[in-house]
*Asks:* 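Below you'll find the structure I mean.
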Amino acid sequence: MAWLVPVALLVLWQWTAQSGFLASRILPAPLAVIEAAFDLARKGELLQHIGVSFARAVCGFLVGGGIAFALGLLNGVSRTSETLLDTTVQMIRNIPHLALIPLVILWFGIGEEAKVFLVALGVFFPIYINTYHGMRTVDPGVIEMGRVYGLGPAALFWQILLPGALPSILIGVRFALGVMWLTLIVAETIASDAGIGYMAMNAREFMQTDVVVFSVLLYALLGKLADATARLAERRWLQWHPNYAHGREGA
Amino acid sequence: MTAAGVRLEITDLGKRFGSRMVLGGVNLKVEAGEFVAVIGRSGCGKSTLLRLVAGLEQPTMGRIYLDGRLSRGLDPTVKVMFQDERLLMWKRVLDNVALGLGGKDRERAQRVLAQVGLAERAGDWPRMLSGGQRQRVALARALVNQPRLLLLDEPLGALDALTRLEMQRLIEQLWQVNGFTALLVTHDVQEAVALCDRVVLIEQGRPSLDMPVNLPRPRVRSSPHFAALVGEILERVMSGTEAPLKSGRTVPASGRETT
Ligand SMILES: Nc1ncnc2c1ncn2[C@@H]1O[C@H](COP(=O)(O)OP(=O)(O)OP(=O)(O)O)[C@@H](O)[C@H]1O
Ligand SMILES: [Mg+2]
């Protein structure tokens with residue numbers, strides 16, 4: 001039943017476009033979009049553009065997310081590091097990273113570094129904040145218990161702090177994945193010589209609305225894929241968590 | 001088992017939080033293998049006393065000796081059972097019990113888990129257990145380390161009456177088998193009399209009553225001796241609380257602020 005309305009809309013869209021009621025320059029028919037997709041795939045362009053965008057996303061995510069994760073952990077365990085660095089990070093957070101695009105283009109040109117840098121910056125804050133917050137909000141009673149049971153600093157970190165912070169960290173990751181795609185779309189659309197955004201902008205110049213629409217759908221699909229991956233990670237690593245438990249196992 | 005009870009000696013122990021003196025001049029001796037209850041009004045410093053003995057707090061003054069040896073901080077032979085069970089939600093039941101054993105002694109962990117009646121729940125997540133079962137896991141976790149002194153801070157406070165009775169019996173049995181020294185903080189005078197060799201009442205920051213419980217085990221709650229002893233202790237506890245309560249009632253609220 002939930003699919004009834006979307007399917008009806010799709011049929012309506014196809015029908016209005018086919019009957020010429022909706023100019024294909026405004027919005028091509030769904031079938032035309034699919035045809036354009038097959039066309040691109042056959043020419044081998046599609047895979048190449050997706051590959052470029054994907055590589056940028058992963059690269060930026062790993063760099064920005066990795067640094068943010070490490071810094072979040074560090075500020076989560078060390079008070080000294082927290083007083084030294086946290087305020088600074090919170091201050092920089094107030095700058096919208098997309099506002100830096102002109103500056104970033106000045107620094108890096110329109111090459112790969114610019115996009116990776118922007119994605120890394122965008123991904124940094126959600127992961128940093130949630131890692132740090134997760135570490136800081138682990139129940140002190142449980143940490144105390146760990147000390148009573150003879151856990152050293154390393155064991156406390158691996159067995160209590162990190163797993164205790166994991167739900168919060170994964171929330172950060174999921175949020176960061178959303179920011180990652182958004183940043184990439186904006187950066188690729190503004191200045192690029194390859195990638196999905198470039199494909200769309202290029203098609204716009206030749207009035208290939210079907211390719212433009214397909215690019216939009218492609219972004220949506222990849223975003224969905226990233227989200228599903230994050231969900232999968234949550235299911236796998238947070239089985240123990242009451243909020244993520246699906247169904248009741250055992251008895 | 002190799003672990004026998006430790007002799008605990010507390011001399012002139014005091015603890016101050018900021019300007020508030022919570023405990024002062026606490027002197028207490030607990031023989032090896034003895035089971036002692038600590039009771040008192042809420043906020044009188046029972047948990048603080050236990051945390052000092054555990055080494056989780058540093059005393060402002062006084063000393064704590066374990067087997068005549070001055071205790072400084074955490075001691076591997078002392079284990080604590082808290083009111084909230086403090087299980088690691090991300091570890092399976094057996095791994096919770098085996099915490100601090102260093103991985104190898106999982107067989108022993110499994111054996112102790114069986115002793116508390118949860119052998120078949122070893123692979124479950126803690127979230128799948130009831131409150132009483134979680135508390136039993138916490139008990140197993142304490143016992144698997146073969147403590148020579150077990151500190152219990154109202155471990156049964158959150159349980160329903162029936163589960164409480166069951167847990168009390170379990171704790172008594174395991175204490176008899178293992179021979180550790182036990183210090184139990186409780187609100188429940190019945191519980192104190194049912195389990196302990198002595199009941200210590202804390203008032204105004206120090207023990208004000210030290211009552212031996214000379215009833216044969218297992219103790220029968222319906223026996224007149226039992227009821228008489230519970231009554232006597234309760235009366236003693238209440239007489240300590242009556243004075244401030246009465247003055248609180250008779251003096252009007254506005255009058256109290258000016259004095
Ligand atoms: N870390 C702390 N900092 C400041 N004050 C504290 C701290 N811990 C305890 N206190 C104070 O010490 C007093 C005794 O606390 P404690 O927890 O030992 O009481 P208790 O006898 O265990 O009470 P209850 O029966 O309610 O558990 C209280 O007034 C409490 O406010
Ligand atoms: Mg207490």
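Proteins come first, then strands; the chains are lettered A, B, ... in the order of their sequence lines, and each starts at number 1.
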*Asks:* Would you compute the distance between atom CG of B:Leu56 and atom CE of A:Met145 and round it to the nearest 0.5 angstrom?
*Replies:* 11.5 Å
*Asks:* Donor-acceptor check, side chain of B:Arg127 to backbone of A:Asn243, threshold 3.5 angstrom: yes or no?
*Replies:* no
*Asks:* Does the A:Tyr149 side chain pair with the main chain of B:Ala98, one donor and one acceptor, at a distance under 3.5 Å?
*Replies:* no
*Asks:* So with a 6.0 Å cut-off around CZ of A:Phe108, is the heavy-atom count from everything else above 12?
*Replies:* yes
*Asks:* Taking everything shown except A:Tyr219 itself, do over 12 heavy atoms lie less than 6.0 Å from its OH?
*Replies:* yes
*Asks:* Given the rule in the side-chain contact (heavy atoms from CB on, under 4.5 Å) test, do A:Val142 and B:Met89 qualify, once you have shown the distances and angles that lead to the verdict?
*Replies:* CA-CA 10 Å; A:Val142 168; B:Met89 299 300 285; over 6 Å; no
*Asks:* Heavy atoms only, distances under 4.5 angstrom: which of B:Val78, B:Asp75, B:Val80, B:Asp84 has the most pairs with chain A? Name it, please.
*Replies:* B:Val80
*Asks:* If you look at every heavy atom in B:Leu99 and A:Leu151, which pair is closest and at what distance?
*Replies:* CD1-CD1, 4.0 Å
*Asks:* Against chain B, label A:Ile160 side chain, backbone, both or neither, depending on which of its atoms sit under 4.5 Å from a heavy atom there.
*Replies:* both
*Asks:* So with a 6.0 Å cut-off around CG of B:Leu74, is the heavy-atom count from everything else above 12?
*Replies:* yes
*Asks:* Is it true that a side-chain atom of B:Trp90 and a backbone atom of A:His241 form a donor plus acceptor pair closer than 3.5 Å?
*Replies:* no
